[in-house]
Amino acid sequence: MPKQRDYYEVLGVGRETSADEIKLAYRRMAMKYHPDRNRDNPEADAKFKACSEAYEVLSDPEKRSRYDRFGHEGLRGVSLHDFSHMGFEDIFSMFNDILGGGVFGGRARGGPQRGYDLESSVELSLNEVADGVERTLEYKRQDYCDNCKGSGAKPGSQPQTCRTCAGSGQVRQGGLGGFFQMVRTCPTCGGRGRVIVEKCRKCRGTGRQIKQQTVTVKIPAGVHDGQAVRLSGEGEAGQHGAPRGDLYCYVKVKKHPFLLRDGDNLLCELPVSFAMSALGATVEVPTLEGIEDLDVPAATQPGDTIQIRNKGLPRLGRSGRGDLYVRIVVEIPRKLNKHQKQLLEEFRQTEKKNNNFPQTKSFLEKLTSYLSR
Ligand SMILES: [Zn+2]
Ligand SMILES: [Zn+2]
């Protein structure tokens, strides 16, 4: 029995990789090795199947944990789907994290091979995520040749109708007496129906040349780390004037010095002294808009959270904003001076006389009943 390859290795990711990163790794590989893009290429086909299988296991938390613990052995009896029948659109519909330009679809199959999709990325601060932002991207791409306008034919000459297929792009083979005919893509023109007789000198008949391109990408407010904006038609030009691919602009969100993102909400840890938490205080909290005053009520306990409404991030594609949660971290003084020690000693004397420590009280009550069993 052939030894199965490690799923992490197949996707080119580490064992600690997050679910989102696994998704991205798979998407990249699926785009590269998809059969629609690699006709009659068994090697690409095998790679596509392998990465699809790896993705199916690693994208499912239960299957992943089984695989992590027991390897391939752990997946015995677990049925795996066969992704290899899925078209591009199906694969991309698995990823609801692709924004902009509407949904995937309408991609002609069997027509001229469109140009490759390209990827770029931008890094945003949390403040930029809150407001949405426009960025300019500069990159080099295969574009249509200026000399022949992408046709690949020498200017003044015209591509001729293919004689092999009479322009249909398909040829019929076999067939005894007209039965059992097989239709194949025409080998002479590659399905285009036209052949270039005199090639453009500048692009040697490919119809393409490298050009510098500048585009502006609008990143919507509330975008999440790892999501992408699709810029339709900003990828590479196809050969012989075939349509352009798309450009995907991936978003990476930088860490904020105070605010941690949790979906559309933000979390902030706020250290306060134990006297402040006992007596109550007004403190300053960092928000996306700057510093705000926050009332910490008397008797706030360590780990209590205070919710500040609508101070989170905008909800992507919806109205409204998340909230900011301030988590109180009560800090005990590391060092006391003589006067403070004296004050706290006096305070300790008063502690015994009242019942203002519900947790301590309940602990002592439990302890008493435990000992008297
Ligand atoms: Zn040309
Ligand atoms: Zn032909």
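Quick caveat: nothing in here was measured; it's all calculated off a predicted structure. As the structure lists them, so they are numbered: ligands from 1, and atoms in each ligand from 1.
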K.L.:
What are the protein N, O or S atoms, given as residue plus atom name, that sit under 2.8 Å from the Zn ion (ligand 2)?
P.N.:
C162 SG, C165 SG, C186 SG, C189 SG

K.L.:
Given the side-chain rings of Y55 and Y26, with only the six-membered ring counted for Trp, is the space between their centroids under 6.0 Å?
P.N.:
yes

K.L.:
Taking all atoms of both residues into account, what is the closest heavy-atom pair of I219 and C249, and its distance?
P.N.:
CD1-SG, 4.3 Å

K.L.:
Set out, in order, the CA-CA distance, both residues' side-chain angles and the distance that settles side-chain hydrogen bond (donor to acceptor under 3.5 Å, both in side chains) for D6 and Y67, then state yes or no.
P.N.:
CA-CA 10 Å; D6 179 69; Y67 179 71; 2.9 Å; yes

K.L.:
Taking 4.0 angstrom as the limit, do E236 and R141 come out as a salt bridge?
P.N.:
no

K.L.:
Counting neighbours of NZ on K341 that are heavy atoms of other residues, nucleotides or ligands and sit closer than 6.0 Å, is the number greater than 12?
P.N.:
no

K.L.:
Can you confirm whether K311 sits close enough to E289 that some side-chain heavy atom of one is under 4.5 Å from a side-chain heavy atom of the other?
P.N.:
yes

K.L.:
Would a 4.5 Å heavy-atom cut-off, applied to side chains only, mark Q213 and E234 as touching?
P.N.:
yes

K.L.:
What protein N/O/S atoms sit under 2.8 Å from the Zn ion (ligand 1), by chain and number?
P.N.:
C145 SG, C148 SG, C200 SG, C203 SG

K.L.:
Are F258 and L266 linked, directly or through intermediate hydrophobic residues, by side-chain heavy-atom contacts shorter than 4.5 Å (ILVMFWY only)?
P.N.:
yes

K.L.:
Taking 4.0 angstrom as the limit, do D143 and R244 come out as a salt bridge?
P.N.:
yes

